[in-house]
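Shown next, in structure tokens, is the structure this report addresses.
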Amino acid sequence: MIIQRPKGTQDIIGKTALKWQYLENEIRKICSEYGYQEIRTPIFEATELFQRGVGETTDIVNKEMYTFLDKGQRSITLRPEGTASVCRAYVENKLYAQAQPLKLYYLGPMFRYENTQAGRFRQFHQFGAEVLGGEDPLVDAEVIHLIWEFFQRLGLKGLEVHLNSVGCPNCRSEHRIQLQNYLQRRKADLCEDCQTRFERNPMRILDCKNKRCQSLTSGVPTTLDTLCNDCQEHFSQLQSYLKIVGIQYKINPKLVRGLDYYQRTAFEVLAEGIGAQNAICGGGRYDGLVKEIGGPPTPGIGFAMGMERLLAVLDMQKVEIDLETEEKVLIAALGDKARQEGFKLSGELRRNGIPVLMDLLGRGLKNQMKYADREGVRYVLIIGDEELAKDIIIVRDMKLGDQKEVPKETIKQYLLQNINNI
RNA sequence: GUGGAUAUGGUGAAGCGGUUAACACACCGGAUUGUGGCUCCGGCAUUCGUGGGUUCAAGUCCCACUAUCCACCCCA
């Protein structure tokens, strides 16, 4: 049996790799327009960072982390998400000394040990952005605006933005009491997971997908019902900002995200038609996180977008991506002398920005033509003994199917004038 | 962690107990010596995910394992 890639990983090749490049370019473009700087943090971190940052009660920490001991007996974890690392870097590099709010974005692989299915991988890729040091609802609005704008530019349709506020620690404790009171009598009817959640993290009972739990929680007090005045005000201001710029959203009082650090604003963007895993973007506010991992009290908000799922939506909606098909040149040389000349010429042309292929396998002319055809080459430069003798090169236009003799000295100018992607 | 489906050449696939494992595409070679895409001709799985079992006989039935896909939980 040949060695194959680990479960839940993928080789990104060919046309797909071009799509990734396209997306990455769009991401960098929009981030710079919104004033975000790139941050590159390690792919692995101390396990404790995620335990404290993401939260002990989360599925991520409980069952999905790639954790191992290194040779120094340190517990290391491949990052399952980006926010904790960014906050760690913020504290460690004292970025709070810079102009606030600090706006950072990242792009890269994340790792979660899960069973795979459509849209779920063990190594997947996220584009994420974080704003640290800004509490104003305008910050939240701008973050959501970036996401919205990004999807618009990609030409995606029919996406739903779900919005909720899960409150701050103050109103959360009130909510917890009300929720537990409400569910106390029916506790026994809850699913096994929710029985545990009842004590550890009752809020997450709200978004349990179990049908029985859902019916039990249909009239349950939501976090929106128990928001304190400040949180209420924050949430309504955010909404009015969103309305002003025409962002459509749905209030979803049961949207409770699976990461412990969220406070106040929580949101998800959902897409149809890509399988059961339909969240292509998720995020929220995490005002307590920086302090939690040992930094100064700093408000923060961010999101993460799943690249694979984004690509899946793009494919599903048949969005045409402009995969620059550049016009290439192939030098078809016949004989040793011609190969030497051709090799020399290839360097000169490339130095002028002309993409050049050469036959490297010593094929005959016929097969070089075939190779050129398969590689989508526009111009084949044929050099053989006859051409060497006359100091010319035959330039064959593969698209038009005609060819002409061009003096060797003017070949560069000729190509520069005729290739339209230079 | 749990459940379901699937596993035949580079790819898509026929075959569902009985002599040489269809077919298509791709690939390779050829059709007057130096010209691609179209056409024609030829080549291309001693073998059916792995291991075991049933049988006179197994790609075809049974069991286990592994992998893939989808789904549950949760999420990107």
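Note on naming: letters A, B, ... go to the chains in the order of the sequence lines (proteins, then strands), and numbering restarts at 1 for each one. Every heavy atom of this structure was used, including side-chain atoms; hydrogens, water molecules and symmetry mates were not.
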(message) Taking the minimum atom-to-atom distance to the side chain of Phe121(A), which one of G36(B), C72(B), A76(B) wins?
(response) A76(B)
(message) Centroid distance below 5.5 Å plus an interplanar angle below 30 degrees: do Tyr371(A) and G36(B) meet both conditions?
(response) no
(request) Please state the P separation for the pair G12(B) and G52(B) - nearest whole angstrom. (result) 28 Å
(request) Using a 4.0 Å heavy-atom cut-off across all strands, classify Ile382(A) as base, sugar-phosphate, or nothing. (result) base
(request) Have a look at Gly119(A) and say if it touches a base, only the backbone sugar-phosphate, or nothing, with a 4.0 Å heavy-atom cut-off. (result) base
(message) What's the gap between G15(B) and G9(B) when it is taken at their P atoms, as a whole Å value?
(response) 16 Å
(request) Can you tell me, in whole Å, how much space there is between the C1' of A14(B) and that of C23(B)? (result) 7 Å
(request) Counting heavy atoms from C-beta on, name the nucleotide in A71(B), G34(B), G37(B) closest to the side chain of Ala276(A). (result) A71(B)
(message) If you only use heavy atoms from C-beta on, which nucleotide in G36(B), G34(B), C74(B) is closest to the side chain of Met398(A)?
(response) G36(B)
(message) Between C74(B) and Gln277(A), counting only base atoms on the nucleotide and side-chain atoms on the residue, is there a donor-acceptor pair under 3.5 Å?
(response) yes
(message) Tell me whether the side-chain N or O atoms of Glu114(A) pair up with the base of A76(B) as donor and acceptor below 3.5 Å, since no angle test is needed here.
(response) yes
(request) Scan every strand shown for a Watson-Crick or G-U wobble partner of A7(B), both distances under 3.5 Å, and answer none if you come up empty. (result) U66(B)
(request) Would you tell me if any nitrogen or oxygen in the side chain of Arg257(A) comes within less than 4.0 Å of OP1 or OP2 on A76(B)? (result) yes
(message) salt bridge (Lys or Arg N to Asp or Glu O under 4.0 Å), that's the test. Do Asp315(A) and Lys19(A) meet it? Break it down for me.
(response) CA-CA 10 Å; Asp315(A) 284 346; Lys19(A) 289 186 188 176; 2.9 Å; yes
(message) Using whole Å, what does the distance between atom P of nucleotide A71(B) and atom CG of Asn115(A) come to?
(response) 12 Å
(request) Please give the nucleotide sitting opposite U19(B) as a Watson-Crick or G-U wobble pair, both distances under 3.5 Å, or none. (result) none
(message) Measuring only the C1' atom in each nucleotide, how far is G10(B) from C27(B)? A whole number of Å is fine.
(response) 8 Å
(request) In whole angstrom, give me the gap between the P atoms of C70(B) and A31(B). (result) 47 Å
(message) From the set A76(B), G36(B), G34(B), return the single nucleotide nearest to any side-chain atom of Asp385(A).
(response) G34(B)
(request) Verify the contact: side-chain N or O of Arg197(A) to OP1 or OP2 of C74(B), cut-off strictly under 4.0 Å; return yes or no. (result) yes
(request) Mind telling me whether Trp20(A) and His125(A) have parallel, tilted or perpendicular rings, with 30° and 60° as the class edges? (result) perpendicular
(request) Spell out, as yes or no, whether a donor-acceptor pair under 3.5 Å connects the side chain of Arg309(A) to the backbone of Ala279(A). (result) yes
(request) Please determine, for the side chain of Arg204(A), which listed nucleotide (G36(B), A71(B), C74(B)) has the closest atom? (result) C74(B)
(message) When you measure from the centre of the six-membered ring of Tyr106(A), is the NZ or CZ of Arg40(A) closer than 6.0 Å and no more than 45° off the axis?
(response) no
(message) Can you see if the side chain of Gln117(A) gets near the phosphate of A71(B) - specifically, an N or O under 4.0 Å from OP1 or OP2?
(response) yes
(message) Please name the nucleotide paired to U39(B) by Watson-Crick or G-U wobble geometry with both distances under 3.5 Å, or report none.
(response) A31(B)
(message) Taking the basic N atoms (NZ, or NE/NH1/NH2) and the acidic carboxylate oxygens, is any pair closer than 4.0 Å for Arg88(A) and Glu45(A)?
(response) yes
(message) For Met305(A) and Thr116(A), find the nucleotide of RNA chain B closest to each by heavy atoms; which residue's nucleotide sits nearer the 5' end?
(response) Thr116(A)
(message) I'd like the C1' distance from C56(B) over to C65(B), given in whole Å.
(response) 29 Å
(message) Using a 4.0 Å heavy-atom cut-off, does Ala118(A) contact any base of the nucleic acid, only the sugar-phosphate backbone, or nothing at all?
(response) sugar-phosphate
(request) Report yes if a side-chain nitrogen or oxygen of Lys7(A) is closer than 4.0 Å to either non-bridging phosphate oxygen (OP1 or OP2) of U68(B); otherwise report no. (result) yes
(message) Taking the nucleotide of RNA chain B with the nearest heavy atom to each, does Gly8(A) or Ile274(A) sit closer to the 5' end?
(response) Gly8(A)
(message) Quick check for you: among G34(B), C74(B), G36(B), whose closest atom lies nearest to any side-chain atom of Glu387(A)?
(response) G34(B)
(message) Please classify the nucleic acid contact of Asn62(A) as base, sugar-phosphate, or nothing, using heavy-atom distances under 4.0 Å.
(response) nothing
(message) Base of G37(B), side chain of Asp373(A) - is there a donor-acceptor contact under 3.5 Å?
(response) no
(message) Within the 4.0 Å heavy-atom criterion, would you say Gly401(A) contacts the bases, only the backbone, or no part of the nucleic acid?
(response) base
(message) Strictly by Watson-Crick or wobble contacts shorter than 3.5 Å, is anything paired with C44(B), and which nucleotide is it?
(response) none
(message) Suppose we call two aromatic rings close when their centres sit under 6.0 Å apart. Are Tyr34(A) and Tyr105(A) close by that rule?
(response) no
(message) More than 12 heavy atoms of other residues, nucleotides or ligands under 6.0 Å from CG of Asn93(A): yes or no?
(response) yes
(message) Would you say CD of Gln10(A) has more than 12 non-hydrogen atoms from neighbouring residues, nucleotides or ligands within 6.0 angstrom?
(response) yes
(message) I want to verify a distance call: between C72(B), U35(B), G29(B), whose nearest atom is closest to the Asn367(A) side chain?
(response) G29(B)
(message) Rounding to an integer number of angstrom, what distance separates C38(B) and C25(B) when you compare their P atoms?
(response) 11 Å
(message) Using Watson-Crick or G-U wobble geometry with both distances under 3.5 Å, which nucleotide pairs with C72(B)?
(response) G1(B)
(message) Does C27(B) have OP1 or OP2 under 4.0 Å away from a side-chain N or O of Arg374(A)?
(response) yes
(message) Students often get this wrong, so: under 4.0 angstrom with heavy atoms, is Ile60(A) touching a base, only sugar-phosphate, or nothing?
(response) nothing
(request) Determine the interatomic distance between P on A57(B) and the same-named atom on U19(B); round to the nearest Å. (result) 14 Å
(request) May I ask you to say what Gln403(A) touches in the nucleic acid, namely base, sugar-phosphate or nothing, with a heavy-atom cut-off under 4.0 Å? (result) base
(message) So if I take every side-chain heavy atom of Phe124(A) and compare against G34(B), A76(B), C72(B), which nucleotide ends up nearest?
(response) A76(B)
(request) Select base, sugar-phosphate, or nothing to describe what Gln368(A) touches, counting heavy atoms under 4.0 Å on all strands. (result) nothing
